[in-house]
Amino acid sequence: MLSLGPLAFAAPWALLALAVLPALWWLLRVTPPAPRTVAFPAIRLLRDLVSREETPQRTPPWLLLLRILLAGLVILALARPLLNPDAALPGSGPLLLVVDNGWAAGRDWPARQEMLGRLIDQADRTGREVAILPTAPAAATGVPRLIGPMVAADARREAQALQPQPWPGDRRAALAALDDLRPRGSMHAIWLSDGLGADGPGAGGDADLAARLVRLGGVEVVEDGPDRPALLLRPPVADGLSLLVPVERARSGLPQPVAVRASGADGRLLAAGSGAFAADARRTEVRLDLPTELRNEVTEVRLDGQSTAGATILLDERWRRRPVGLVSGRPDAEAQPLLSDLYYLERALSPFAEVRRGTITDLLQRDLAVLVLADVGSLSVPEAERLAEWVQGGGMLVRFAGPRLAQNADTLVPVRLRAGDRALGGALSWSVPARLAPFAADGPFGGLPVPADVTVARQVLAEPSVDLGERTWARLEDGTPLVTAERRGSGHVVLVHTTASPEWSNLSLSGLFVQMLQRLVALSAGVAGEAEAGGALPPLELLDGLGRLVPPPATAFPLASERLAETPPGDLIGPRHPPGFYGTSEARRALNLSAAVAELRPLEGLPPNVARGLYGSRGELDLKPALLTAALALAVLDLFIGLALRGLLPLPRLRFRRGGMAAGLVLLLAAGLAAGLRADGARAQPVTGGPDARAVQASTQNWLAYVETGDRSVDATSRAGLQGLAEQLNRRTAVEAAGAMAVDLETDELAFFPLIYWPVTETQPAISDAARQRLNEYLRHGGLILIDTRDRGFSMGGGSRLEELLRGLDIPPLAPVPPDHVLTKAFYLLQDFPGRYVGGAVWVEAEEGRANDGVSGVVVGGNDWAGAWAVDAQGRALNAVVPGAERQREMAYRFGVNLVMYALTGNYKADQVHVPAILERLGQ
């Protein structure tokens with residue numbers, strides 16, 4: 001590599017061709033252009049009797065310069081010039097690239113692949129070999145595998161084929177893979193880290209791996225900055241009718257918003273919520289409010305903007321609001337509700353379960369997770385047989401004692417009962433009510449606090465037996481059982497030895513009663529039951545490294561149900577058992593990655609001599625594409641000039657003599673430049689003239705309008721954004737958009753524009769009553785306004801400035817865009833609506849009627865769409881998108897196309913005639 005200050009040449013030998021340029025100058029100079037034939041009319045001969053033949057003997061100097069410049073550009077391009085090149089890699093041996101491709105690397109995998117490509121190119125320029133060491137176990141072998149050393153061309157193919165894995169990395173195993181490495185010369189290692197420290201069995205492997213890399217020749221660690229820590233979802237926790245979703249991050253230091261979405265099995269968005277990390281917090285919670293019916297349909301919860309397996313939680317039967325049936329043996333259940341067992345059971349179960357009442361036969365005809373029998377004594381033979389079969393299949397039968405059960409106990413109880421009951425003042429009684437003993441730590445009620453004021457005055461007693469202690473889940477202070485249970489088949493039979501009403505105990509009046517019932521319902525197998533003993537759960541749908549549910553690969557193995565019950569889920573996750581759904585479509589079991597991550601912590605404990613950097617461009621700019629583009633433009637220009645000199649290109653009376661060609665070339669270039677400037681100016685040319693001229697221009701072409709806010713920067717972004725969207729519409733659709741036009745809500749007529757983009761700023765003045773009336777008329781007659789708060793984490797009710805601006809407008813109730821909304825399929829099939837930012841919800845009219853062709857008059861969001869659409873005069877993007885992948889900008893353009901098509905065509909795509917074509921595109 002040849003360096004000349006900030007400029008370097010990766011192939012400097014190509015610069016030797018510059019020595020040929022003088023010879024090329026001489027060759028072109030002595031070779032005149034081909035003569036051209038000029039036809040003179042007769043009248044011309046009469047006027048000019050003396051005819052002088054003018055044939056150029058040499059190529060004009062300006063054409064020589066043009067061709068020499070073209071050759072020089074090609075030579076410079078072949079020399080691969082680099083502006084601000086990266087510093088040379090230390091060492092003389094192979095370049096070792098250690099790549100963390102575990103679950104956390106998927107959140108920005110394109111940036112990691114781009115970094116890999118730059119490093120391999122840098123090694124290629126110095127002729128060094130490259131070795132790649134992924135730290136995640138390979139799917140085929142189950143351990144990390146060292147690839148190489150190899151030449152740069154092979155390393156590029158391996159880097160392109162490398163993908164993130166949906167399981168944690170194993171840096172100790174990666175360290176072992178380096179044992180067989182015998183490099184020639186001193187190596188230099190670059191560790192592309194995911195920013196996470198190893199935990200569990202791999203704790204300490206980070207420092208050992210870094211120390212080994214230092215001994216090989218040196219190491220540099222590249223990681224994400226503190227503004228982009230890895231995020232991990234934990235399983236949700238039921239909180240009444242809501243789900244609390246815990247979110248953890250690797251490091252604190254900066255506030256960070258998060259958005260969570262809950263989806264069904266068909267991909268429908270069922271709920272969305274947002275939260276934020278405090279600056280010094282590493283954990284937060286996001287609340288999802290769901291009615292019972294929708295909560296039972298949730299199959300996955302995802303973090304917006306985090307495409308990893310750790311940002312996805314899969315939900316199976318264990319997280320559903322399970323149906324619980326209630327049956328009472330007392331006939332006074334309706335007449336005296338405060339004395340009824342069902343009254344207290346229903347109020348205790350309603351916050352977390354779907355409660356059903358009825359007879360045993362009717363309830364068992366539907367899917368049921370738990371059946372509660374309150375003081376039901378003897379059962380008929382058909383009822384007993386049906387209940388026994390249901391319990392064997394995975395149901396949970398919970399029985400509460402009472403006078404009827406004490407006198408008429410049957411076989412569907414976990415322990416043998418003594419006839420009668422134990423009460424205050426009786427032969428088998430105590431003088432004062434008994435309190436509860438603390439729960440066993442390894443029992444189903446372990447960890448629940450026992451209130452001192454909960455007492456039992458009466459109970460049914462169990463006959464002493466050898467296995468009574470094993471079947472006892474809760475006791476009184478004197479050691480007598482309060483709750484006993486027995487496993488039968490795949491289900492359980494549980495008996496509470498007191499009543500569910502305050503008749504025998506005040507347990508039903510305490511919060512402990514609710515907590516105990518919640519534990520019992522959670523312990524049930526759900527409506528589908530558990531897998532048969534000894535059965536295998538085949539992989540059904542598994543998560544890939546980007547957090548997507550995909551068909552199971554050939555390397556995934558079935559999961560034994562016994563092993564799933566006995567082994568912690570975190571010990572199972574790996575190449576053989578990736579996270580995902582196992583079982584059948586009727587009975588699925590979710591295996592989530594979060595079980596394998598005990599603690600999310602940053603990468604620490606590295607040796608002090610290890611350099612650390614951040615992902616992103618290091619300033620190196622390859623000039624080869626720009627030089628080749630300029631050379632191609634000059635070659636095309638030279639072609640037209642050659643055709644003109646030969647007379648093969650008809651031009652209007654151009655005389656190429658005595659510098660005439662130079663003048664013509666200058667005029668041609670000036671005309672092209674002027675045309676480009678005119679084209680650039682036409683992108684957002686302000687309208688001149690009065691209101692009539694503006695009305696003519698606005699009505700004869702399709703313009704996208706934006707509201708002037710008074711902020712020059714915001715208005716410039718809006719103008720450039722809508723112009724960029726107009727160019728995409730012209731390129732992709734049949735819409736012929738003229739560009740962007742500014743509107744003043746106080747004075748301009750709005751009826752000409754199908755879409756008005758309204759960015760909201762803090763300094764924007766409030767609109768007048770006349771402007772509100774004009775906006776209301778625009779909305780009533782079919783107009784569409786896109787209101788963009790540009791605040792990245794927008795949610796309704798959170799912006800006082802927006803509420804102030806919209807006050808007085810005739811806007812109906814708004815709701816998040818449902819999954820089947822026309823806006824999701826007006827042109828492209830979309831699920832999200834990103835702009836410059838992602839994560840913000842998009843709101844439309846809650847119930848669109850038949851007015852305005854079924855089009856919502858208002859669309860509200862905060863993703864800064866104009867910032868993502870904005871382009872400069874050359875069509876280059878003006879703003880970076882966050883998180884930053886160009887795929888996000890493409891999806892923002894698609895949302896803009898859908899929005900314009902939605903404004904122009906209304907509910908056209910809502911017609912059922914399009915459903916087969918849409919389903920075919922979706923592959924369903």
Side-chain angles (χ1 to χ4, degrees), residues 324-334 336-350 353 355-360 363 368-379 383-384 387 391 395-423 433-434 436 444-445 448 454-462 471-476 480-486 491-521 523-524:
V324 178
L326 300 181
V327 178
S328 176
R330 303 190 182 190
D332 56 353
E334 298 295 337
Q336 297 176 325
L338 294 181
L339 301 178
S340 168
D341 296 315
L342 299 190
Y343 177 84
Y344 299 94
L345 286 171
E346 184 172 6
R347 277 152 182 77
L349 290 167
S350 295
V355 179
R356 303 170 183 172
R357 287 194 184 190
T359 64
I360 295 176
L363 291 174
L368 206 62
V370 181
L371 180 61
V372 181
L373 303 183
D375 194 19
V376 175
S378 59
L379 299 169
E383 288 177 338
L387 272 175
V391 172
M396 172 169 281
L397 176 62
V398 180
R399 305 190 68 171
F400 281 85
R404 290 167 181 77
L405 182 63
Q407 300 299 328
N408 303 292
D410 51 45
T411 58
L412 277 177
V413 288
V415 294
R416 292 182 58 191
L417 301 178
R418 290 185 178 182
D421 57 87
R422 181 185 182 190
L436 275 65
F445 304 130
L448 294 181
V454 174
T455 59
V456 177
R458 192 170 181 178
Q459 69 174 148
V460 293
L461 293 176
R471 299 185 181 184
T472 301
W473 285 0
R475 302 175 184 271
L476 298 179
T480 55
L482 178 65
V483 180
T484 56
E486 180 188 13
H492 290 84
V493 175
V494 181
L495 173 63
V496 182
H497 291 240
T498 189
T499 58
S501 66
E503 183 179 355
W504 287 11
S505 168
N506 64 354
L507 175 64
S508 58
L509 301 177
S510 67
L512 179 62
F513 186 65
V514 179
Q515 295 174 324
M516 293 176 66
L517 288 176
Q518 189 172 7
R519 292 285 183 93
L520 292 176
V521 173
L523 187 64
S524 67

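Computed from heavy atoms alone, side chains included, the values below leave out hydrogens, waters and symmetry copies.
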Please report the interatomic distance [atom1]([X]) to [atom2]([Y]), rounded to the nearest 0.5 Å.
X	Y	atom1	atom2	result
Ile360	Glu383	CD1	CD	4.5 Å
Gln515	Ser510	CD	OG	8.5 Å
Glu346	Ser340	CD	OG	9.0 Å
Glu503	Ser508	CD	OG	10.5 Å
Leu363	Leu387	CG	CG	10.0 Å
Leu397	Leu373	CG	CG	5.0 Å

Given 3.5 Å as the limit, does a donor-acceptor pair link the side chain of [X] with the main chain of [Y], or not?
X	Y	answer
Asp375	Phe400	no
Ser505	Thr455	yes
Thr498	Arg458	yes
Arg399	Val376	yes
Asn506	Val454	no

How close do [X] and [Y] get, counting heavy atoms only, and between which atoms?
X	Y	value
Ala462	Pro481	CB-CG, 4.4 Å
Arg519	Pro444	NH1-O, 2.8 Å
Pro403	Trp504	N-CZ2, 3.8 Å
Pro414	Arg471	O-NH1, 2.5 Å
Asp341	Ala374	CB-CB, 3.6 Å
Ala500	Phe513	O-CZ, 4.1 Å

Of Val483, Val413, Thr484, Leu461, the residue whose pairing with His497 passes side chain to side chain contact (heavy atoms under 4.5 Å, CB included):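 That would be Thr484.
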State, with a plain yes or no, whether a side-chain heavy atom of [X] is found less than 4.5 Å away from one of [Y].
X	Y	answer
Tyr344	Leu507	no
Leu517	Leu345	yes
Leu417	Leu495	yes
Val370	Leu349	no
Leu436	Leu512	yes
Leu368	Arg356	yes
Gln459	Leu476	yes

Val521 and Val398: CA distance, side-chain angles, deciding distance, side chain to side chain contact (heavy atoms under 4.5 Å, CB included) verdict: CA-CA 10 Å; Val521 173; Val398 180; over 6 Å; no
Plane angle bin for His492 and Trp473 - parallel if under 30°, tilted between 30 and 60°, otherwise perpendicular: tilted
